[in-house]
Amino acid sequence: MGPVTANLTLALVAGALIACGVYLITERSLSRILIGVVLASNGVNVLFLVASGPAGGAPIIGLTPGPQMSDPLPQAMVLTAIVITLSVAAFVMTMAYRSFQINGDDEVADDVEDARIAELARADLASESYEEMGFSDTGEDVVSE
Amino acid sequence: MNNLLAVPVLLCLFGAGATFLAGRHPGVQRAVSVTAVAAVCVVAGVLVWLTDSAPLVLWVGDWPQPLGIVLVADRLAALMLLVAALVSLAVLVYATGLDQDEVRRETPVSIFHPTFLLLVAGVSNAFLAGDLFNLFVSFELLLFASYVLLTMGGTKDRVRAGSVYVVVNLVSSALFLVALASCYAATGTVNLADLAVRLAELPAEVRGVLQVLLLTVFGLKAAVFPLSAWLPHSYPTAPAPVTAVFAGLLTKVGVYAIIRTQTLLFPTEPLSLLLGVVGIATMLLGILGAVAQGEIKRMLSFTLVSHIGYMVFGISLATSAALAGAIFYAAHHITIQATLFLVAGLIQRVGGSSSLDRLGGLARLSPLLGALFLVPAMNLAGIPPLSGFVAKLALLQAGVADAGPMAWALVAAGVVTSLLTLYAMAKVWNRAFWGVVPEQATARVTTLSRQGRLLPRLMVGSTLGLVVLALAFTVAAGPMYGYVERSATALFDRSYIAAVLSGGER
């Protein structure tokens, strides 16, 4: 069932595509991330071609004799993966556009709450005790937003 | 009887279509989605009963075996399905109460119900999937629904949180595909039972690579320590019912996938050392994160991460007693974590905030809310005789029985985490439920209760339902634990493989 020989060129192409994709995904801008995701998923699709073994004829009974057929199962999987990538790309684009509408850019922002906690930790070093800092009966926030 | 396996998924998918068409009629939408999920609960209950004698197998579309898509339910899958369906039902009822009187711009009613049903369909399919590719598709189904639910309303915070969540999950999906392609290249099959047979014939190195790849993918979904940073970042901003269902179900689907693949595909290499270290790190770092938080939903997100560590604890020991503990823990934790997030929604409603600095005296404002929080909070920390205690005790006993150095380290970390959970919950109790009532809260509560909208009956009722469900785990601990033990034993006796490959009835 499995391939006897793997196609080195295809494997290298897959590797290069995934590497470029990973590089782009580490960027902050959602549109670059999107390009990265598309590249990486194309790389993965090529990997499925490696997995399916040597290329053969169209896997249609009556058109190609059995042993010369290429394996249809990975092709079905790739097809599913392509459809999923398409919809994901559409969704990420919507999100990038929404982010652009709200913030004026499409960059993935830092977590505000993380910054609050870090500030709390800094305040803690300077104060007598954390509980006193937290229990402000004035109703005012200890941490400025 | 085997056709019953397709029912949960189909019901949800048809329900999603129907609610989508009925977008302008919120009443119809509510009726359809609640009926669909309630029916899934019934079917799951029947499956739990049926699978106790033998696993059920359904070859969808009757393609040549083992090439076609197969749905399999053994005890583990059926139990997870039942608990997940019950929790989804409660969350759905809660959301119904919410959208009747909460701000409509926050949760656009017309897309909530179809998306929620798709999510439940994805989760059910993931539990029933008998091949790796079907598992991938169900993950995508539930992830896509979760992307929509998480960014619903498109506010600034939700888009920020959503971006992180989406990108992380896109990477994990790509990795899953790499793992799939590698499995297929190495064995020529993606059917789990068939894979289990063929992987055993492979060289250990190849098998190791596949195992670590799959573990990374599912670890990301389950939010296991080095792969958990995305969770507290993305969950807290979503509406309460959405966070509750995510917290309850999505990470547990990852845990389920880890249990399934580890025991079925790689029974000879449990990777105890790696999983043990990861489990300890998840428990301790997660709970330390929770203790530092000053916002209830974020704190709960960190306890969620931390308690995933307990399930990893059970998986790493790889004995049937430890896995029984992990499975019981998963069932308990799905319920309890969802309950707590629903309660956090109620707290936000009564107190006007979920930040500990702005809350106070909630127990005086609403004693009912106090009880609704206290019981699941103590349950999470593992106070006897609640189900959290039963689950933790089972894990600790399995650890002590194993008696290796790693097992003792896990036991120690488990006890410390349990204590720190108690500390975190006590912190919420002290600062939100005791103390002085802030002035604006008094005014708010007076206005809301004059309108009779303080604690809507459906929201309280559904939360109460989940609290009672968790208590039922204690009352029925004996029979339930027996069931869990049988399901853990079955994970090791290859009955799953036998049931699938014998070509069960069509």
Side-chain angles (χ1 to χ4, degrees), chain A residues 1-3 6 14 18 21-22 25 30 33 36-37 40-41 43-45 47-53 71 73-74 76-78 80-81 84-85 87-88 91-92 94-96 98-99 101-103 106-114 116-117 120-121 131 134-137 139-143, chain B residues 67 133 136-137 140-141 143-144 147-148 151 154-164 166-167 169-171 173-178 180-190 198 232-234 236-237 289 292-295 297-298 355-358 360 427 430-431 435-436 438-440:
Chain A
M1 288 286 264
I18 293 176
V22 168
I25 289 173
L30 273 177
I33 291 175
V37 167
S41 59
V44 176
N45 292 345
L47 206 60
F48 269 101
L49 292 186
V50 181
S52 72
D71 190 350
L73 214 57
M77 294 181 198
V78 170
T80 318
I84 291 172
T85 313
S87 40
V88 159
F91 189 82
V92 175
T94 328
M95 220 165 48
R98 182 69 188 159
S99 173
Q101 274 186 328
I102 298 173
N103 303 322
D106 65 347
E107 303 210 330
V108 180
D110 280 332
D111 194 344
V112 216
E113 282 289 331
D114 268 354
R116 276 173 67 107
I117 295 293
L120 205 65
E131 283 299 329
F135 257 125
S136 51
D137 285 342
E140 278 176 55
D141 275 2
V142 180
V143 183
Chain B
L67 290 177
F133 197 77
F136 169 74
V137 173
E140 289 305 313
L141 187 57
L143 282 177
F144 230 96
Y147 299 159
V148 175
T151 53
T155 59
K156 188 175 174 179
D157 278 341
R158 288 188 191 161
V159 170
R160 174 181 57 74
S163 313
V164 174
V166 171
V167 173
N169 280 303
L170 288 181
V171 173
S173 298
L175 258 181
F176 198 169
L177 278 175
V178 172
L180 263 168
S182 318
C183 277
Y184 191 80
T187 62
T189 182
V190 287
R198 294 198 197 177
H233 193 113
S234 47
T237 49
Q293 301 302 316
E295 205 268 345
K297 282 178 162 184
R298 280 181 65 87
S355 163
L356 290 179
D357 286 335
R358 293 188 205 161
K427 181 175 158 185
N430 276 343
R431 293 179 61 185
V436 188
E439 270 169 42
Q440 68 268 35

For the residue pair Ala174(B) and Val44(A), what are the closest heavy atoms and their distance?
-> O-CG2, 3.9 Å
Below 4.5 Å, heavy atoms only, C-beta onward: do Met77(A) and Tyr184(B) meet side chain to side chain?
-> yes
Is it the side chain or the backbone of Ser41(A) that comes within 4.5 Å of chain B heavy atoms, both, or neither?
-> neither
Most heavy-atom pairs under 4.5 angstrom with chain B, which of Leu30(A), Thr85(A), Thr94(A), Ile102(A)?
-> Ile102(A)
The interface call for Phe91(A) against chain B, heavy-atom contacts under 4.5 Å, is side chain
Which one, Glu140(B), Glu295(B), His233(B), leads in non-hydrogen pairs under 4.5 Å with chain A?
-> His233(B)
Under 4.5 Å from any heavy atom of chain B - which part of Val22(A) = neither
Using non-hydrogen atoms and a 4.5 Å limit, figure out which bit of Leu170(B) sits close to chain A: side chain, backbone, both or neither.
-> side chain
Proximity breakdown for Ser87(A) and chain B, heavy-atom pairs closer than 4.5 Å = both
Segment of Thr151(B) engaging chain A (4.5 angstrom heavy-atom cut-off) | side chain
Heavy-atom pairs under 4.5 Å with chain A, option from Leu177(B), Val171(B), Leu180(B), Val167(B) with the top count = Leu177(B)
Can you name the side chain to side chain donor-acceptor pair (under 3.5 Å) partners of Glu107(A), sequence neighbours left out?
-> none
To the nearest 0.5 angstrom, please state how far the OG atom of Ser163(B) sits from the CG atom of Asp106(A).
-> 9.0 Å
Under 4.5 Å from any heavy atom of chain A - which part of Phe133(B) | side chain
Heavy-atom distance under 4.5 Å between the side chains of Arg160(B) and Asn103(A), does that happen here?
-> no
When heavy-atom pairs shorter than 4.5 Å are enumerated against chain B, which of Ile25(A), Leu49(A), Leu73(A) gives the highest number?
-> Leu73(A)
Side chain from CB out, backbone as N, CA, C, O: work out which of these in Val37(A) comes under 4.5 Å of a heavy atom of chain B, or both, or neither.
-> side chain
Please state whether the side chain, the backbone, both or neither of Val137(B) comes within less than 4.5 Å of a heavy atom of chain A.
-> side chain
Specify the closest pair of heavy atoms between Ala51(A) and Ala181(B), including all atoms of both residues, with the distance to one decimal.
-> CB-O, 3.4 Å
Heavy-atom pairs under 4.5 Å with chain B are the metric here; pick the option from Pro74(A), Gly36(A), Ala14(A) that has the most.
-> Pro74(A)
Name the region of Val166(B), side chain, backbone, both or neither, that has any atom closer than 4.5 Å to a heavy atom of chain A.
-> side chain
